[in-house]
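Report on the structure given below.
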Amino acid sequence: MEVVTWALPKSGDCSIYLAGDFHYGALTCSRSSIRQMISGIQKNDLLILMGDLIEAITPDDRRWQTTSVAWQDKLYTPQEQAEAIVRDLKSVKVRIPVVLAGNHCWKLMNTVCFPQIIATALDSEYGGAACVVHFKFQGKTAFRFHLMHGGWTPFSQAKDVVQADANIRAALKQKLQDQMGDCIAHFTGHGHRLIVQPPTAHRQLYINTSEAGKITQHYKVTPQQNASYIHFDSRWYGMTGSFLKLYSPPGSKAIGYAEMVGLRPNEIGCLKATIKGGQLVNVTKVVY
């Protein structure tokens with residue numbers, strides 16, 4: 001696991017976009033949505049790249065026949081896909097703390113490590129499959145993010161949509177909470193789903209007593225975000241979505257892998273963490 005350090009703006013105010021699973025080179029990659037996201041990143045904002053930025057498949061992979069390649073953009077090879085990523089992200093290259101590796105690139109790493117090449121071209125750190133980022137404010141660690149590309153998608157068989165949503169968010173939290181103990185937030189990619197699970201500690205009631213025999217009630221409070229251990233109910237959890245569409249363009253005569261196996265539609269977008277005064281105050285979904 002890699003450890004990365006990044007200084008927040010002097011004001012302590014910014015947004016941190018967490019985006020991945022672009023799949024450049026796939027016919028169903030929504031490059032227009034990616035460019036829309038990039039255009040919305042403001043001067044002090046940051047962008048974390050969560051892996052699977054390129055399709056990185058070779059002609060002997062079964063997905064080559066089904067997913068097809070982005071022939072309209074001539075992104076046939078992993079090298080061409082990586083170069084396109086760097087071109088599209090040129091405007092934010094000094095504001096990308098870390099680039100993660102995904103499972104698509106992993107299969108080619110014994111030959112070329114494309115996420116590391118992309119990170120170097122963007123003046124970013126290469127974070128491997130998982131890392132922790134220490135965000136600094138006024139010379140000290142303000143909070144930490146645990147980041148991983150992952151290899152798993154939470155699901156629920158509940159028939160009611162409310163129960164299914166709760167089950168999925170609980171499964172995400174349970175999967176991530178033991179990965180790291182000193183991080184205010186855990187984020188994973190891979191699952192192509194946009195999920196946010198906020199902290200729950202502040203909703204939990206406890207009582208105590210005094211020597212005089214008085215019983216009082218309290219709610220659990222938010223801990224210091226730079227603490228050496230943060231209770232798992234006080235952390236944020238998120239899955240960072242995807243920019244890969246379900247269906248191939250009508251008239252292309254191509255068959256997307258997702259539609260072949262009958263996957264459900266997914267939101268196109270990413271997550272955005274809001275930082276105020278050097279503290280994480282909110283995480284929201286951004287859908288394009």
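These numbers come from a predicted model, not from an experiment.
The shortest side-chain heavy-atom distance between Cys29 and Ile34 falls under the 4.5 Å cut-off. Inter-residue side-chain proximity for Val99 and Glu125 is flagged as unmet; no heavy-atom pair is nearer than 4.5 Å. Contact of the Val98 side chain with the Ser124 side chain is not registered, since no non-hydrogen atoms from C-beta on lie closer than 4.5 Å. No side-chain heavy atom of Lys140 sits under 4.5 Å from any side-chain heavy atom of Asn226. Looking at Thr240 and Leu194, their side chains never come closer than 4.5 Å, going by heavy atoms from C-beta outward. The shortest distance between side-chain heavy atoms of Val3 and Cys131 does not fall below 4.5 Å. Between Leu172 and Arg193, the closest side-chain pair of non-hydrogen atoms is not below 4.5 Å. Considering only heavy atoms from C-beta on, Val132 comes within 4.5 Å of Cys183 through its side chain.
Ring geometry, Phe243 versus Phe22: the interplanar angle exceeds 60°, so the pair is classed perpendicular (tilted spans 30 to 60°).
Glu267 meets the side chain to side chain donor-acceptor pair (under 3.5 Å) test with Lys285; sequence neighbours excluded. Taking Ser234 as the reference, nothing meets the side chain to side chain donor-acceptor pair (under 3.5 Å) condition, with sequence neighbours excluded. Residues meeting the side chain to side chain donor-acceptor pair (under 3.5 Å) test with Arg169, sequence neighbours left out: Asp165, Gln197.
Of all heavy-atom pairs between Pro115 and Ala101, the closest is CG-CB, 3.7 Å. Closest of all the heavy-atom pairs between Glu55 and His104 is O-ND1, 2.8 Å. Gln157 approaches Phe155 most closely through the heavy-atom pair CG-CE1, 4.2 Å. Closest approach of Thr188 to Leu176, counting heavy atoms only: CG2-CD1, 4.1 Å. The minimum heavy-atom distance linking Gly269 with Tyr288 is given by the pair CA-CD1, 3.7 Å. Taking both residues in full, the closest heavy atoms of Asn110 and Lys107 are given as OD1-O, 3.9 Å, listed atom of the first, atom of the second, then distance.
Put simply, the side chain of Thr209 never gets that close to the backbone of Gly213: no donor and acceptor are under 3.5 Å apart. Although no hydrogens or angles enter the test, the distance criterion places a donor-acceptor pair under 3.5 Å between the side chain of Ser156 and the main chain of Ala158. Proximity of a side-chain donor or acceptor of Asn44 to a complementary backbone N or O of Pro9 within less than 3.5 Å is not detected. Counting only distance, with no hydrogens or angles, the side chain of Glu80 and the backbone of Thr77 share a donor-acceptor pair below 3.5 Å. At least one donor-acceptor pair closer than 3.5 Å links the side chain of Asp52 to the backbone N or O of Asn103. Within the 3.5 Å criterion, the main-chain N or O of Ser248 finds a donor-acceptor partner in the side chain of Glu259.
Note: the hydrophobic cluster containing Phe187 does not contain Tyr17 (ILVMFWY, side chain heavy atoms under 4.5 Å, direct or indirect links). Under the 4.5 Å side-chain contact rule for hydrophobic residues, Ile117 and Val92 share a cluster. Under the 4.5 Å side-chain heavy-atom criterion for Ile, Leu, Val, Met, Phe, Trp and Tyr, Val196 and Leu18 are members of the same hydrophobic cluster. One hydrophobic cluster holds both Ile275 and Met50 under the rule that ILVMFWY side chains link at heavy-atom gaps under 4.5 Å. Follow the hydrophobic side-chain contacts under 4.5 Å out from Val283 and you reach Phe143 in the same cluster.
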Inset, instruction - Go through the steps to decide whether Phe135 and Phe137 satisfy the test ring pair (Phe, Tyr, Trp, His ring centres under 6.0 Å), and finish with yes or no. - result: CA-CA 7 Å; Phe135 288 97; Phe137 179 56; over 10 Å; no
Legend entry - Steps toward side chain to side chain contact (heavy atoms under 4.5 Å, CB included) verdict (Ile268, Lys245): CA-CA 7 Å; Ile268 301 296; Lys245 295 177 288 187; 4.2 Å; yes
Inset, instruction - Could you give me the CA-CA distance, side-chain angles and deciding distance for Met109 and Val112, then say whether side chain to side chain contact (heavy atoms under 4.5 Å, CB included) is met? - result: CA-CA 5 Å; Met109 281 186 182; Val112 182; over 6 Å; no
Inset, instruction - Check the pair Ile118 / Tyr126 against side chain to side chain contact (heavy atoms under 4.5 Å, CB included), numbers first and verdict last. - result: CA-CA 9 Å; Ile118 292 170; Tyr126 170 56; over 6 Å; no
Inset, instruction - Take Asp88 and Lys90, measure what side chain to side chain contact (heavy atoms under 4.5 Å, CB included) needs, and give me the verdict at the end. - result: CA-CA 6 Å; Asp88 282 359; Lys90 182 179 179 180; over 6 Å; no
Inset, instruction - Report the C-alpha separation of Asn208 and His218 in whole Å, then their side-chain angles, then the decisive distance to 0.1 Å, and conclude whether the side chain to side chain donor-acceptor pair (under 3.5 Å) test is met. - result: CA-CA 8 Å; Asn208 58 19; His218 310 271; 3.2 Å; yes
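Put simply, the residue from Leu147, Leu89, Leu100 that forms a side chain to side chain contact (heavy atoms under 4.5 Å, CB included) with Leu49 is Leu89. For the pairing with Arg235, the side-chain hydrogen bond (donor to acceptor under 3.5 Å, both in side chains) check across Gln177, His186, Gln225, His146 returns one residue only, His186.
Centroid-to-centroid, the aromatic rings of His23 and His192 come within less than 6.0 Å.
In this structure, OH on Tyr237 lies 10.5 Å from CD on Gln174, to the nearest 0.5 angstrom. To the nearest 0.5 Å, atom SG of residue Cys14 and atom CG of residue Leu8 are 5.0 Å apart. A distance of 7.5 Å separates CG of Asn266 from CG of Leu244, quoted to the nearest 0.5 Å. Put simply, CD1 on Ile184 and CH2 on Trp236 are 9.5 Å apart, with the number rounded to the nearest 0.5 Å. Atom-to-atom distance recorded for Ile85:CD1 and Arg31:CZ is 8.0 Å, nearest 0.5 angstrom. Here CD1 of Ile96 is found 4.5 Å from CG of Leu122. Values are rounded to the nearest 0.5 Å.
Residue Trp6 places its CH2 atom among more than 12 non-hydrogen atoms of other residues, nucleotides or ligands, all under 6.0 Å distant. Counting heavy atoms of neighbouring residues, nucleotides and ligands inside a 6.0 Å radius, atom CG of Leu205 exceeds 12 of them.
Judged by the 6.0 Å and 45° rule, Lys175 forms a cation-pi pair with Trp152.
A salt bridge between Asp45 and Arg95 is absent, with no side-chain N of the basic residue lying under 4.0 Å from a carboxylate O of the acidic one. The residues Lys173 and Asp233 are annotated as salt-bridged, a charged nitrogen and a carboxylate oxygen being separated by less than 4.0 angstrom.
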